[in-house]
Every structure is written in structure tokens, then in C-alpha cells.
Enquirer: 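Let me give you the structure first, and then I'll get to my questions.
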Amino acid sequence: METKSSMYLSQFPLWFLCFIITLVSSSAWYDDHISLREINSEENFSFPRNFLFGTASSSYQYEGAYLTDGKTLSNWDVFTSIPGKISDGSHGKVAVDHYHRYPEDLDLMEDLGVNSYRLSLSWARILPMGRFGDVNMAGIDHYNSMINDILRRGIEPFVTLTHYDIPQELEFRYGSWLNPQIREDFEHYADICFQYFGNRVKFWSTFNEPNVQVILGYRKGTYPPSQCSKAFGNCTRGDSDIEPLVAAHNIIRSHLAAVNIYRTKYQEEQRGKIGIVMNTIWFEPVSDSLEDRLAVERAQAFYLNWFLDPIVFGRYPREMRKIIGEDLPEFTRDDLKSSKSGLDFIGINQYTSRYAKDCLHSACEPGKGGSRAEGFVYSNAHKDGLPLGEPTGVDWFNIYPQGMEKMLMYTTERYKNIPLYVTENGFGENNTGVLLNDYRRVKFMSNYLDALKRAMRKGADVRGYFTWSLLDNFEWISGYTIRFGLYHVDFDTQERTPRLSASWYKNFIFQHRAQNDYDDA
Ligand code: FCB
């Protein structure tokens with residue numbers, strides 16, 4: 001009689017062929033499956049009970065209502081009206097109409113189970129003329145209602161004072177960030193916000209990504225106020241070597257002034273925390289040479305440490321002082337006094353990583369690493385034609401989850417364990433239809449969260465994670481062509497439709513809570 005094994009053996013060639021065909025045809029699934037198994041390697045990890053899970057947004061990208069209830073023009077309202085600035089010719093006049101639809105959007109957040117919402121305030125809504133005019137009480141009322149609604153749902157507001165948008169009045173009047181006067185304006189604005197909202201807002205960030213703001217606004221000229229030198233971009237005026245340094249200096253001094261106001265006038269009674277949110281890029285050396293490894297340090301010095309070193313240590317990074325020398329602005333004694341306590345936390349926006357190549361010992365063009373402003377580092381996502389990590393349809397964005405872990409460890413070590421919040425991380429894809437089955441976003445979030453857990457295991461004091469973003473929205477110079485939402489938005493009807501990633505994130509948060517309950521039991 002034929003045994004089972006001999007039967008299998010007799011059919012072996014057919015069976016084997018089928019197996020190979022299945023394996024090859026499902027290799028994409030197989031790759032994903034493998035990486036999902038790796039993800040679960042951290043499955044025994046549990047987040048602390050009070051860890052913040054949220055979604056992030058910003059006023060210009062979400063609110064719309066650009067001239068409603070006394071708001072005046074912001075720099076982004078003006079910039080988007082200049083032909084050619086935004087890839088699809090769009091603007092944020094309506095955006096995703098969050099100004100009117102926030103209750104519906106908070107319903108979505110409540111359903112996800114998040115316990116925090118990172119949002120920014122529109123300065124031009126609160127102080128339409130800056131310190132040269134009155135507080136717009138309609139703007140205050142709007143944010144008051146919104147903050148109350150957020151809290152009523154058991155969600156913690158995590159508020160940024162300015163996420164790139166400022167009243168255009170300050171640009172017209174004195175050239176905004178290039179003028180030291182802006183510090184008084186920012187201080188006044190921060191004071192108003194603490195006064196009206198600080199009894200309920202316990203997390204304040206002064207700025208969102210000031211490094212991106214000055215590099216794109218004053219070195220490359222692709223963001224307002226579109227200033228740069230010829231070699232760096234297409235601008236009618238500017239000085240890419242000097243203006244970013246001046247704008248950054250005024251931003252740092254404005255940050256310190258706002259922190260000082262908070263510490264001296266409000267913090268004791270209101271008991272909140274104040275920090276700053278930085279964009280981060282993890283840099284890998286393009287080769288093992290000493291020159292390229294030193295280039296990596298300069299890359300961080302000229303990107304992240306440029307802002308954080310002065311705020312935490314009271315001076316610009318060594319690499320910057322060496323290269324920029326006397327052109328680096330100086331801090332006053334008062335600035336330095338307040339810098340001693342310049343942060344309660346650091347917000348880390350982490351999306352991508354790049355290779356860094358030395359340009360001190362090899363020739364590079366200005367704008368491609370060959371300038372003082374860039375620290376003589378060329379950073380790029382490719383090496384020998386191959387990408388670092390996995391490319392996406394978005395030009396600045398490669399997927400490299402290791403970068404999350406390394407960036408959190410780097411910040412932890414350099415800034416002596418200051419608490420960290422991952423204030424943004426998310427996946428963007430080109431606008432190619434509705435795409436509700438966003439499996440790549442789910443994989444992205446799983447892998448980056450896994451990297452975040454590894455950093456926490458190694459000792460990084462990470463206290464929150466905010467995904468960018470709840471909804472598709474206005475993606476700056478890419479307009480509505482890139483989508484980052486857990487919810488798809490039909491920009492004509494404003495209808496929100498959940499993607500797979502929304503249910504994945506909901507489940508992820510649910511499991512974290514269940515784990516906490518289990519640990520407590
Ligand atoms: C960050 C910005 C945020 C959003 C994401 C995709 O750099 O802070 O507003 O545009 O990128």
C-alpha cells in the first residue's frame with residue numbers, strides 16, 4: 001500500500017513547482033510579512049501609562065477660514081497667492097476647513113482613542129496686526145471653544161505657537177525674522193496665549209521646525225519670504241550665507257523670551273511644560289573615511305544643534321563657530337541667563353535620513369555642500385545610485401526606521417536626557433486616487449514605532465508620539481498633491497474617509513492601553 005509520504009514523494013515535482021511559483025509570486029507579501037515579524041520583536045515592550053499618543057496638525061495646513069472672524073493675512077496667505085510658488089497652484093484659504101469642522105475631526109480623534117492632539121495657533125487670528133493692534137477676541141473665542149472641546153473628550157492639547165505662519169503685517173513692517181524687533185512681537189504673542197489658554201494647555205511648543213523655516217525661507221528661498229542668493233535658488237533678493245544665521249538668531253532669542261515669560265509669569269501657577277519642535281534628519285556617512293564621518297557631525301551641527309545648543313548650552317555648536325567665525329551672531333548676557341532653563345522638552349519631528357559627504361576636502365558647488373552656510377557638507381539620499389532605505393514618491397523622503405532610533409539616542413545623549421516627544425512622524429504618498437488601503441503607511445508606522453521602542457529600551461526618555469497626520473491636508477509647496485492622512489479627504493466635498501492606517505493606529509493604541517491594564521491587574 002502506498003504510504004502518505006511515498007504519495008507526497010511521487011508527486012514531488014508538481015508540488016515543488018507549485019511551491020516555488022507561490023513563493024515567487026508572493027514575494028512582496030513575504031517581504032512585508034518578514035518585516036512585520038521583525039516589528040513584533042518588541043512586542044513585550046509596554047509604553048508608560050501616561051504616554052501621549054496623538055495626531056498632529058497645523059493652523060495653515062488645516063484651518064482654512066483665512067479671513068474669517070477678524071483674521072488678517074499671514075505670510076503663507078500672501079506667498080501662496082504668488083503664481084508658481086505652489087506646485088498645483090493651490091492655497092490654504094479653505095484647506096480642510098478645520099476651523100468650522102473641528103468638532104467632527106475631534107470625533108474622529110476620539111474614535112481613534114488618542115489622548116493628545118498636537119495643533120498650532122494662527123498668530124494672525126489672535127493678533128492680526130501683531131503688537132501694533134488689538135487682540136482679536138473672536139480668534140480667542142474660537143480657540144477657547146476648541147480647547148474646551150478637546151479637553152471634554154479627555155484629550156490633552158499640545159499647542160505650538162507658530163508653525164511657519166506669522167501675520168504678514170510683521171513682514172511688511174520690518175522684515176519679520178531678519179529684524180531683532182520680532183522678539184518683542186513673539187514675546188507679546190506668547191504672553192497673550194499663556195494668559196488666555198494657559199489654564200488649560202499644559203504643553204507648549206514655541207516653534208515648529210525653525211531649522212526648516214530658515215533654510216527654506218532664507219537659504220533656498222522656496223518658502224516665504226523667498227530670499228536666497230543666486231547659487232542657492234531662484235530669488236530676487238537675499239543672502240543665503242548670512243540671512244539664515246540672522247533669522248535663526250532672532251528665532252532663538254524669541255524662543256528664550258517666550259520661555260522666560262512662561263517661567264516667570266505663568267508656569268508656577270499653570271504647571272505646564274514648554275519646549276521647541278525641531279525637524280531631524282539622521283545622517284549616515286557616505287563612506288567610512290574620517291572626513292565623511294566628521295561631515296556627519298557638521299551636518300547635525302548645522303541642522304539640529306544650531307538651535308538646540310544655544311537653547312540648552314548657551315552657545316552655538318563648535319563646528320559652526322569654527323566655520324562661520326565672526327559672522328555668527330552673539331548672545332547677550334540676558335539671553336544666556338534665560339538659556340539655562342530654555343527647555344522642558346524637545347519635540348522631534350522624524351521622517352527621513354540621508355548620506356553626508358565631506359566638502360571641506362573635496363570640491364562641491366554652493367547649494368550642494370560647497371558653502372559655509374551648509375557647513376561644507378553635501379547631504380543626499382543616494383550612494384552609488386542606490387537609495388538610503390526605501391524611496392517614496394515624495395522627493396525629500398526615504399523610509400529608514402533605524403534613523404528614528406539613532407536620532408532619539410543622539411538627542412538623548414547630547415542633551416542629557418531631556419524628555420523627548422516625537423511630535424511628528426508619518427508617511428506621505430503622491431495623490432494617485434483614493435488609496436484607502438494604505439498598507440505602506442501601516443508598515444511605515446509599525447517600523448518607526450518599533451524603532452522608537454528600541455530607543456526607549458536603551459534609555460531614551462520619550463513621552464509621546466504624534467502621527468502626521470489625522471487628515472490629508474495642504475502640504476506646503478506641494479499643495480494638495482501629497483497625502484499624509486490616516487483619513488482620506490475629498491478636497492471638493494470635505495468628506496473624510498478612514499484608511500486602513502486609521503484602524504491600525506486605533507488598534508495599536510487600544511493594545512497599549514490593554515497591556516497597561518493587564519500589567520496593573
Ligand atoms: C513637517 C512639517 C509638517 C508637515 C510634514 C509632512 O516638516 O512640520 O507641517 O508638512 O512635514
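We use all heavy atoms of the structure for the numbers below, so side chains are in, but hydrogens, waters and symmetry mates are not.
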Enquirer: Please name all residues satisfying ring pair (Phe, Tyr, Trp, His ring centres under 6.0 Å) with Tyr62, sequence neighbours left out, ordered by chain then number.
Expert: His98
Enquirer: Spell out, as yes or no, whether a donor-acceptor pair under 3.5 Å connects the side chain of Asn136 to the backbone of Arg125.
Expert: yes
Enquirer: Closer than 3.5 angstrom, by distance alone: can the side chain of Asp105 be matched with the main-chain N or O of Pro103 as a donor-acceptor pair?
Expert: no
Enquirer: Describe, in one word, how the ring planes of Tyr351 and Phe397 are oriented to each other, choosing from parallel (under 30°), tilted (30 to 60°) and perpendicular (over 60°).
Expert: perpendicular
Enquirer: Checking Tyr448 now: which residues fulfil side chain to side chain donor-acceptor pair (under 3.5 Å) with it, not counting sequence neighbours?
Expert: none
Enquirer: Quick one: do the Asn305 and Tyr415 side chains pair a donor with an acceptor below 3.5 Å?
Expert: yes
Enquirer: Run the salt-bridge test on Arg483 and Asp438 with the 4.0 Å N-O cut-off and return the result as yes or no.
Expert: no
Enquirer: Could you check whether Ser120 and Ser59, counting side-chain N and O atoms only, form a donor-acceptor pair closer than 3.5 Å?
Expert: yes
Enquirer: What residues form a side chain to side chain donor-acceptor pair (under 3.5 Å) with Ser371, not counting sequence neighbours?
Expert: Glu374
Enquirer: List the residues meeting side chain to side chain contact (heavy atoms under 4.5 Å, CB included) with Val94, not counting sequence neighbours, and say none if there are none.
Expert: Asp97, Gln494
Enquirer: Tell me whether the rings of Phe345 and Tyr421 are parallel (<30°), tilted (30 to 60°) or perpendicular (>60°).
Expert: perpendicular
Enquirer: We want to know whether Thr481 and Asn431 form a side-chain donor-acceptor pair, criterion being a heavy-atom distance below 3.5 angstrom.
Expert: no
Enquirer: Given 3.5 Å as the limit, does a donor-acceptor pair link the side chain of Arg118 with the main chain of Gly54, or not?
Expert: no
Enquirer: Kindly indicate whether a cation-pi arrangement holds for Arg499 with Tyr487, taking the cut-offs as under 6.0 Å to the six-membered ring centre and within 45° of the axis.
Expert: no
Enquirer: Between Tyr102 and His142, is the ring centroid distance below 6.0 Å?
Expert: yes
Enquirer: Show the nearest heavy-atom pair for residues Thr280 and Gln350, with the distance to one decimal.
Expert: OG1-CG, 3.3 Å
Enquirer: Can you see whether Tyr99 engages Asp69 through a side-chain donor-acceptor pair at a distance of less than 3.5 angstrom?
Expert: yes
Enquirer: Let me know which of Arg354, Lys357, Lys406 forms a salt bridge (Lys or Arg N to Asp or Glu O under 4.0 Å) with Glu284.
Expert: Lys406
Enquirer: Checking the side chain of Arg463 only, and the main-chain atoms of Val422 only, is there a donor and an acceptor separated by less than 3.5 Å?
Expert: no
Enquirer: Apply side chain to side chain contact (heavy atoms under 4.5 Å, CB included) to Thr493 and list each qualifying residue two or more places apart in sequence or on a separate chain.
Expert: Asp490, Glu495
Enquirer: Which residues satisfy the ring pair (Phe, Tyr, Trp, His ring centres under 6.0 Å) test with Phe307, sequence neighbours excluded?
Expert: none
Enquirer: Is a side-chain donor or acceptor of Asn398 paired with a backbone partner of Gly389 at a separation under 3.5 angstrom?
Expert: no
Enquirer: Got a list of side-chain donor-acceptor pairs under 3.5 Å for residues 247-258, not counting sequence neighbours?
Expert:
residue : atom : partner : partner atom : Å
His249  : ND1  : Tyr316  : OH           : 2.7
His249  : NE2  : Glu330  : O            : 3.0
Asn250  : ND2  : Trp177  : O            : 2.7
Asn250  : ND2  : Val246  : O            : 3.4
Arg253  : NE   : Asp335  : OD1          : 3.2
Arg253  : NE   : Asp335  : OD2          : 2.8
Arg253  : NH2  : Asp335  : OD1          : 3.4
Ser254  : OG   : Asn250  : O            : 2.6
His255  : ND1  : Thr206  : OG1          : 2.6
His255  : NE2  : Gly342  : O            : 2.8

Enquirer: Centres of the Phe466 and Phe158 rings: under 6.0 Å?
Expert: yes
Enquirer: Run the salt-bridge test on Arg131 and Glu184 with the 4.0 Å N-O cut-off and return the result as yes or no.
Expert: yes
Enquirer: Can a side-chain donor-acceptor contact be found between Gln168 and Ser74 if the only test is distance below 3.5 angstrom?
Expert: no
Enquirer: Given 3.5 Å as the limit, does a donor-acceptor pair link the side chain of Lys71 with the main chain of Tyr66, or not?
Expert: yes
Enquirer: Please check if the number of heavy atoms outside Asp149 that lie under 6.0 Å from its CG is greater than 12.
Expert: yes
Enquirer: Begin from the C-alpha positions of Thr55 and Thr467 and carry the test side-chain hydrogen bond (donor to acceptor under 3.5 Å, both in side chains) through to its verdict.
Expert: CA-CA 5 Å; Thr55 61; Thr467 190; over 6 Å; no
Enquirer: Would you mind listing every disulfide (SG to SG under 2.5 Å) that reaches into residues 364-412, with sequence neighbours excluded?
Expert: Cys359-Cys364
Enquirer: Which residues pass the ring pair (Phe, Tyr, Trp, His ring centres under 6.0 Å) test with Phe194, not counting sequence neighbours?
Expert: Trp204, Tyr262, Tyr266
Enquirer: Could you walk me through whether Ser501 and Tyr439 pass the side-chain hydrogen bond (donor to acceptor under 3.5 Å, both in side chains) test, one step at a time?
Expert: CA-CA 7 Å; Ser501 53; Tyr439 184 69; over 6 Å; no
Enquirer: Can you sort out the partners of His163 under side chain to side chain donor-acceptor pair (under 3.5 Å), two or more places apart, ordered by chain and number?
Expert: Asn208
Enquirer: Closer than 3.5 angstrom, by distance alone: can the side chain of Arg219 be matched with the main-chain N or O of Ser229 as a donor-acceptor pair?
Expert: no
Enquirer: For a side-chain contact (heavy atoms from CB on, under 4.5 Å) check, start with the C-alpha distance between Thr160 and Leu121, then their side-chain angles and the critical distance, and finish with the verdict.
Expert: CA-CA 6 Å; Thr160 303; Leu121 307 177; over 6 Å; no
Enquirer: Using only heavy-atom distances, determine whether the side chains of Glu209 and Asn349 contain a donor-acceptor pair under 3.5 Å.
Expert: yes
Enquirer: Using modelled atom types and a 3.5 Å cut-off, is there a donor and acceptor pairing between side-chain atoms of Arg496 and backbone atoms of Val489?
Expert: no
Enquirer: In chain order, what residues pass the disulfide (SG to SG under 2.5 Å) check against Cys228, with sequence neighbours excluded?
Expert: Cys235
Enquirer: Establish, yes or no, whether a centroid distance under 6.0 Å links the rings of Phe491 and Phe474.
Expert: no
Enquirer: Do Tyr164 and Tyr223 make the cut of ring centroids closer than 6.0 angstrom?
Expert: yes
Enquirer: Evaluate the criterion side-chain contact (heavy atoms from CB on, under 4.5 Å) for residue pair Leu449 and Asn425; output intermediate values, then yes/no.
Expert: CA-CA 9 Å; Leu449 275 159; Asn425 169 248; 5.8 Å; no
Enquirer: Decide yes or no on side-chain contact (heavy atoms from CB on, under 4.5 Å) for Arg441 and Leu500, but give the supporting numbers first.
Expert: CA-CA 9 Å; Arg441 180 171 289 111; Leu500 180 68; over 6 Å; no
Enquirer: Counting distance only, does the side-chain N/O of Ser145 pair as donor-acceptor with the main-chain N or O of Asp141 below 3.5 Å?
Expert: yes
Enquirer: Keeping the roles fixed (side chain from Asp88, backbone from Ser90), state whether a donor-acceptor pair exists under 3.5 Å.
Expert: yes
Enquirer: Please find out if less than 6.0 Å separates the ring center of His382 from that of Tyr355.
Expert: no
Enquirer: Taking side chain to side chain donor-acceptor pair (under 3.5 Å) as the test, write out the residues that go with Asp241, two or more places apart.
Expert: none
